[in-house]
Amino acid sequence: MKHYWRHLTALLAVVGGLITPACASIGRPEGGARDTEPPVFVSARPEPGATNVSTTRLTAYFDENIQLDDAFNKVIVSPAQTTPPSVSANGRRLSVELRDTLIPDMTYTIDFGDAIKDLNEGNILDGFAMEFSTGPTIDTLRISGIVLAAENLEPAQGMLVGVYRADSIADSTVRTLPMERVARTNQFGQFTVRGLAPGAYRVYAINDINRDYKWDRTEDVAYLDVDLVPSVESIEVTDTLRSSEGTDSIVKHGGVRYVPNDVLLTWFNENYRAQYLKDYARPSRRIITLGFGASCDTLPQLSIVADSSSAARRVPARDDWFLQQVSAQRDSIQYWITDSAVYGIDSLRLAVRYQKPDSTETLRWTTDTLRFFFRDPKIKEDKKKKKKKDVEEIADSIPADSTIPAVPVNFLGLRALTGSSQEVHLPVAIEFDQPVAALDTSAVHLEMFVDTVLTPVAPPPIVDDTLNLLRRRLPYVWEPGAKYRLTIDSAAITGIYGEHNKPFKHEFTVKPEEEYSAVDFAIRGLSPGDKAVVQLLGSSDNVQYSAPVGADGHAVLRHLAPSTYYARLFVDRNDNGRWDTGVLDSIQPEDVYYFAKALKLKKNWDVAQEWSLNELPVDAQKPLAIKKNKPKLKPGEQPLRDEDEEEDEDEFGGSNFLGPNRGTGNRGGNRGFGSGGIQQVGGNQLRR
């Protein structure tokens, strides 16, 4: 999917700008029905849509007592204010005092988001706003939409959304100038930017941590890479009115709709970090570490600095005195010192040459001289016992008439990372306590129990782990359900410090095939040539398994532990097998979709599942069970549950939780996000 402004079909549940009276009650008599309606706007000074306003004090009245929730963060003023306004509630009155000087001929919008609720029941009035102009006319156009997290489609609650005029946009605008008109997302991630004059705009969303109304490189951001031209359309609105006798009647009247109202913004973080030397350490005599603030495209260069100590002067002038291990993120490096003349120095001085950004963020070489100090700690009692045990083992192997003295020997540490129950599709993994210098593969043996009798089989290959010098993998085609014994002879492996291993034995049983499940997703809706990856998720939205989508449109995940899973797909534009974030104004994050049903996988069952990526609107795809940013409950309301909690056995016997996912979108087959209907109140549109 190459476009990023997704035209969505239904309307936002964002309350429109100026609110006028609707049906609500001030209270309820004792024993009556619980009040579930939000406060109703009655009047305001200045009046809604007033022009030529010069006062900085504004007041609104409601039909019942109200309270404010986190007004400092939720109430936002357009144009952006240098000094936050003073907002308070007293009884039915809402008071606002703007502390910045009013700008001539400017439309002002005070957006309260979901900060207003009634005093007794806590029913929230979502989207209430007040608008006025300091000039003779008022701008009334709007842009509405929704902000979701690009990686996991979580609603972005409380995120700042703003616009710039398209003709004023430059590469540095969002970094240097505050947004011209702003709004904040509600608990569903929905927003409406109000008070817009005719023209074309660019839309951005930022997690404005420092409250300066512009983007800093460490902040979350979303953007639309097309110009938006807001407008208003005349529509016919249908309302259902109920009489005091309980009968319903249908009433049609004129209304307006502000467009665009279907803007989708997906936020990401560039993961920008300055590349500087963050820390350095010498955790042991033979190891030093360097930590950097960001990934190092070019690795640092190390050289020994001679000083007045006799030990340092004896160090040869060469650069092969270490082995280095770089982390997967390339932001930390561990060096194993292989030269005894080097690691024998207690206070080691090194010149570290590395790249770091200058004032223009251009990487340039710089050199720091660092001192790595280490002094051997006193030998503790448990270490003494270990050495004594090693001496006794060696003494037992020496003939009684031998004149060779028993001396302590340090052995190479070796352990299996995989347990006694082995996954059929995974290699056995082993780990050493130091990098390996030599390994005799002829001393590695594999045996399989056949009717309780050990039978030798071809040993597995031993493969280096490219991300960890201490680990080796032993890939093999294991026989499901079989029991194996892996043995390695003593002295078969030698570490870089000349230490060798003791005899090693690891017994394990491979899980039988009937312990597993499998899922075959038939993906529909990818554009021709798109690469994609399907991920199976746990109940915490965490990745458990993944598989690429093949050329035939299928993603097959095998050898799955029986459990309840959820599924996510991302379009892998650069075909690197992982989800990639975006870069502001140049690269959008990779698109993400969720499978809207839970998958309950049982033992020994394979499930074939069709997945149409565009069957549901994007904001309605993620199952509520794994959604973290859930909307707040109204008083007395029960927690929402996915309508997929009744099991429906499929033809394979697998059990899928079926039914549409609850969300903010309509349930049609279009990408969109929705509301109930449109209600025209006092000349202003109210979206619910």
Is there a donor-acceptor contact under 3.5 Å from the side chain of [X] to the main chain of [Y]?
{"X": "Ser295", "Y": "Asp331", "result": "no"}
{"X": "Glu180", "Y": "Arg165", "result": "yes"}
{"X": "Glu219", "Y": "Ile209", "result": "yes"}
{"X": "Asp118", "Y": "Asn123", "result": "yes"}
{"X": "Lys627", "Y": "Glu154", "result": "no"}
{"X": "Thr362", "Y": "Asp358", "result": "no"}
{"X": "Thr107", "Y": "Gly195", "result": "no"}
{"X": "Asp100", "Y": "Thr82", "result": "yes"}
{"X": "Thr51", "Y": "Ser133", "result": "no"}
{"X": "Asn90", "Y": "Leu94", "result": "no"}

How far apart are the C-alpha atoms of Glu233 and Val259, what are their side-chain angles, what is the distance that settles it, and do they pass the side-chain contact (heavy atoms from CB on, under 4.5 Å) test? CA-CA 8 Å; Glu233 303 171 347; Val259 293; 3.7 Å; yes
In terms of ring plane angle, is the pair Phe41 and Phe62 parallel, tilted or perpendicular, where the classes change at 30° and 60°? perpendicular
Aromatic ring pairing Tyr108/Phe132, orientation class (parallel under 30°, perpendicular over 60°, tilted between):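 Answer is parallel, since the angle falls under 30°.
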Side chain to side chain, [X] and [Y], heavy atoms closer than 4.5 Å:
{"X": "Tyr594", "Y": "Asn152", "result": "yes"}
{"X": "Pro136", "Y": "Asn52", "result": "yes"}
{"X": "Ile116", "Y": "Ile124", "result": "no"}
{"X": "Gln187", "Y": "Asn629", "result": "no"}
{"X": "Tyr223", "Y": "Phe268", "result": "yes"}
{"X": "Pro230", "Y": "Tyr258", "result": "no"}
{"X": "Leu102", "Y": "Thr56", "result": "yes"}
{"X": "Met106", "Y": "Pro79", "result": "yes"}

Check the pair Val232, Arg257 against side-chain contact (heavy atoms from CB on, under 4.5 Å), reporting the backbone distance first and the verdict last. CA-CA 6 Å; Val232 60; Arg257 175 168 56 217; over 6 Å; no
To the nearest 0.5 Å, what is the distance between [atom1] on [X] and [atom2] on [Y]?
{"X": "Ile206", "Y": "Asp216", "atom1": "CD1", "atom2": "CG", "value": "8.0 Å"}
{"X": "Leu569", "Y": "Leu613", "atom1": "CG", "atom2": "CG", "value": "5.5 Å"}
{"X": "Leu153", "Y": "Asp541", "atom1": "CG", "atom2": "CG", "value": "9.0 Å"}
{"X": "Trp267", "Y": "Asn207", "atom1": "CH2", "atom2": "CG", "value": "7.5 Å"}
{"X": "Asp580", "Y": "Glu151", "atom1": "CG", "atom2": "CD", "value": "10.0 Å"}
{"X": "Thr238", "Y": "Ile250", "atom1": "OG1", "atom2": "CD1", "value": "7.5 Å"}

Looking only at heavy atoms, what is the nearest atom pair of [X] and [Y], with distance?
{"X": "Ser86", "Y": "Arg99", "answer": "CB-NH2, 3.3 Å"}
{"X": "Asp105", "Y": "Gly135", "answer": "OD1-CA, 3.4 Å"}
{"X": "Tyr593", "Y": "Asn614", "answer": "CE2-OD1, 3.8 Å"}
{"X": "Ala625", "Y": "Tyr566", "answer": "CB-OH, 3.4 Å"}
{"X": "Pro155", "Y": "Leu148", "answer": "CA-CD2, 3.8 Å"}
{"X": "Thr173", "Y": "Ser168", "answer": "OG1-O, 3.3 Å"}

Using the side-chain contact (heavy atoms from CB on, under 4.5 Å) definition, which of the options Val263, Val147, Ile146 pairs with Val161?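 Answer to the side-chain contact (heavy atoms from CB on, under 4.5 Å) test with Val161 among Val263, Val147, Ile146: Val147.
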Between Asp111 and Arg194, is the closest basic N to carboxylate O distance under 4.0 Å?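 Yes.
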Before accepting this row, confirm whether a basic side-chain N of the pair Glu590/Arg573 lies closer than 4.0 Å to the acidic partner's carboxylate O.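 Looking at Arg573 together with Glu590, the answer is no, because their closest N to O distance does not fall below 4.0 Å.
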Pair Ile138, Glu131 - check side-chain contact (heavy atoms from CB on, under 4.5 Å), show working. CA-CA 8 Å; Ile138 187 168; Glu131 291 179 311; 4.2 Å; yes
Using the test ring-ring contact (aromatic ring centres under 6.0 Å, His included), find all partners of Tyr201 that sit at least two apart in sequence or belong to another chain. none
Please name all residues satisfying ring-ring contact (aromatic ring centres under 6.0 Å, His included) with Tyr213, sequence neighbours left out, ordered by chain then number.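 Here no residue qualifies.
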Decide if atom [atom1] of [X] counts as having more than 12 heavy atoms of other residues, nucleotides or ligands within a radius under 6.0 Å.
{"X": "Glu47", "atom1": "CD", "result": "no"}
{"X": "Arg217", "atom1": "CZ", "result": "yes"}
{"X": "Arg175", "atom1": "CZ", "result": "yes"}

Decide yes or no on salt bridge (charged side-chain N to carboxylate O under 4.0 Å, His left out) for Asp227 and Arg202, but give the supporting numbers first. CA-CA 5 Å; Asp227 296 346; Arg202 284 293 180 99; 2.5 Å; yes
Which is it for Arg57 and Val96 under the side-chain contact (heavy atoms from CB on, under 4.5 Å) test, yes or no, and what are the steps along the way? CA-CA 6 Å; Arg57 294 178 178 271; Val96 179; over 6 Å; no
Considering residues at least two apart in sequence or located in another chain, which fulfil the salt bridge (Lys or Arg N to Asp or Glu O under 4.0 Å) criterion with Arg184?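 Scan of Arg184 (salt bridge (Lys or Arg N to Asp or Glu O under 4.0 Å), adjacent residues dropped) gives none.
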Validation row, ring centre Tyr164 to ring centre Tyr204 under 6.0 Å: yes
Val543: which residues meet the side-chain contact (heavy atoms from CB on, under 4.5 Å) condition with it, sequence neighbours left out?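 In terms of side-chain contact (heavy atoms from CB on, under 4.5 Å), with neighbours along the sequence ignored, Val543 is linked to Gln535, Leu537, Arg568.
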Tell me, which pairs form a side chain to side chain donor-acceptor pair (under 3.5 Å) where one or both residues lie in residues 67-79, sequence neighbours left out?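 Counting only pairs at least two positions apart or across chains, the side chain to side chain donor-acceptor pair (under 3.5 Å) contacts touching residues 67-79 are Asp69-Lys74, Asp69-Lys632, Asp70-Asn73, Asn73-Arg211, Lys74-Asp114.
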Please say whether the positively charged group of Arg93, taken as NZ for Lys or CZ for Arg, lies over the ring of Tyr61, i.e. under 6.0 angstrom from the six-membered ring centre and within 45 degrees of the axis. no
Output all residues satisfying side-chain hydrogen bond (donor to acceptor under 3.5 Å, both in side chains) with Thr185, sequence neighbours left out; order by chain, then residue number. none
